[in-house]
Amino acid sequence: VQLQASGGGLVQAGGSLRLSCAASGRRLTINTMGWYRQAPGKQREFVAEITSGGTTNYADTVKGRFTVSRDNAKNTAYLQMNSLKPEETAVYYCNADYLFYSELGEPVVGREWGQGTQVTVSS
């Protein structure tokens, strides 16, 4: 299982960015996909998540400004970020809860993380 995050960059305060996270692997079923962020000197924090059925959950700090979505056919999740603030400068990570069956037919479940993408919001 591999996750590839992209879409980060430099944006002015009040601007927008759209992050993408694509999962790949053989015979893969992706369940919940999530977004986290980690600012310098701070712990990684939850941002948003979306289940395979489309149920979403957001951190209070981003509600109304960020929108998480996904394309199940592409095993890809998106994070649309609007009205960005300088304090939201961080490395943004995606993760995915997955299921696949081994060659022996045994279920394998786990959570994989992407490599992170830098988001910098200038004031």
Side-chain angles (χ1 to χ4, degrees):
V1 180
Q2 290 188 328
L3 293 183
Q4 181 68 44
S6 61
L10 174 64
V11 64
Q12 289 187 333
S16 299
L17 281 175
R18 187 187 192 219
L19 307 183
S20 299
C21 176
S24 60
R26 294 181 60 189
R27 301 191 300 272
L28 199 61
T29 297
I30 300 296
N31 296 314
T32 299
M33 299 186 76
W35 290 96
Y36 287 69
R37 62 189 179 191
Q38 187 167 19
K42 295 187 177 181
Q43 290 187 332
R44 190 173 298 188
E45 64 175 2
F46 169 77
V47 176
E49 65 183 5
I50 183 168
T51 68
S52 58
T55 300
T56 58
N57 186 31
Y58 296 93
D60 288 342
T61 54
V62 306
K63 282 181 180 177
R65 298 185 298 118
F66 289 15
T67 302
V68 61
S69 61
R70 66 189 286 168
D71 183 336
N72 288 333
K74 297 181 179 179
N75 280 338
T76 299
Y78 306 95
L79 185 67
Q80 177 67 42
M81 306 184 293
N82 299 328
S83 302
L84 281 161
K85 304 174 183 179
E87 55 264 38
E88 294 180 310
T89 294
V91 177
Y92 282 68
Y93 297 90
C94 62
N95 66 28
D97 294 332
Y98 62 83
L99 163 70
F100 69 89
Y101 290 87
S102 70
E103 293 183 354
L104 297 177
E106 297 172 334
V108 179
V109 297
R111 170 172 287 188
E112 187 66 25
W113 288 85
Q115 84 284 9
T117 184
Q118 177 70 45
V119 172
T120 302
V121 186
S122 64
S123 57

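Owing to the predicted nature of the structure, the values given are computational and were not obtained by experimental measurement.
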Only distances under 3.5 Å count here; give the side-chain donor-acceptor pairs of residues 46-56 to other protein atoms, sequence neighbours excluded, each with its distance to 0.1 Å.
unit_1 : atom_1 : unit_2 : atom_2 : d
Thr51  : OG1    : Gly53  : N      : 3.3
Thr51  : OG1    : Gly54  : N      : 3.3
Thr51  : OG1    : Thr55  : N      : 3.0

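- Interatomic distance, OG of Ser123 versus NZ of Lys85, reported as 14.0 Å (0.5 Å rounding).
- Contacts classified as side chain to side chain donor-acceptor pair (under 3.5 Å) and involving residues 19-28 (residues at least two apart or in different chains) are not found.
- Side-chain contact between Pro107 and Leu99 is present, with at least one heavy-atom pair separated by less than 4.5 Å.
- Closest approach of Ala13 to Pro86, counting heavy atoms only: CB-CD, 3.9 Å.
- Taking all atoms of both residues into account, the shortest heavy-atom contact from Leu10 to Ser122 is CD1-CB, 4.3 Å.
- Judged as a salt bridge (Lys or Arg N to Asp or Glu O under 4.0 Å), not a single pair has a partner in residues 113-123 (not counting sequence neighbours).
- A 4.5 Å side-chain heavy-atom check between Met81 and Val11 finds every atom pair outside the cut-off.
- Remark: Tyr101 pairs with no residue by the ring pair (Phe, Tyr, Trp, His ring centres under 6.0 Å) rule, at least two apart or across chains.
- Between Leu17 and Val119 the shortest heavy-atom distance is CD1-CG1, 3.8 Å.
- The heavy-atom pair separating Asn82 from Ser16 by the smallest distance is OD1-OG, 2.8 Å.
- For residues 108-120, the side chain to side chain donor-acceptor pair (under 3.5 Å) pairs, not counting sequence neighbours, are Asp97-Arg111, Gln118-Thr120.
- Residue pairs satisfying the side chain to side chain donor-acceptor pair (under 3.5 Å) criterion with at least one member in residues 36-45, sequence neighbours excluded, are listed as follows: Arg37-Glu45, Arg37-Glu88, Arg37-Tyr92.
- The CD atom of Gln2 sits 13.0 Å away from the CG atom of Asn75 when rounded to the nearest 0.5 Å.
- Closest approach of Thr61 and Arg65 over heavy atoms only: O-NH2, 2.8 Å.
- Val109 places none of its side-chain heavy atoms less than 4.5 Å from the side chain of Asn31.
- The nearest pair of heavy atoms linking Ala39 to Thr89 is CB-O, 3.6 Å.
- Two different hydrophobic clusters hold Tyr78 and Val62 under the rule that ILVMFWY side chains link at heavy-atom gaps under 4.5 Å.
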Legend entry - Step-by-step side-chain contact (heavy atoms from CB on, under 4.5 Å) determination, Leu19 to Tyr93: CA-CA 10 Å; Leu19 307 183; Tyr93 297 90; over 6 Å; no
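- For the atom pair Leu3 CG and Tyr98 OH, the distance stands at 9.5 Å (nearest 0.5 Å).
- The hydrophobic clustering, which links ILVMFWY residues whose side-chain heavy atoms are closer than 4.5 Å, places Met33 and Phe100 together.
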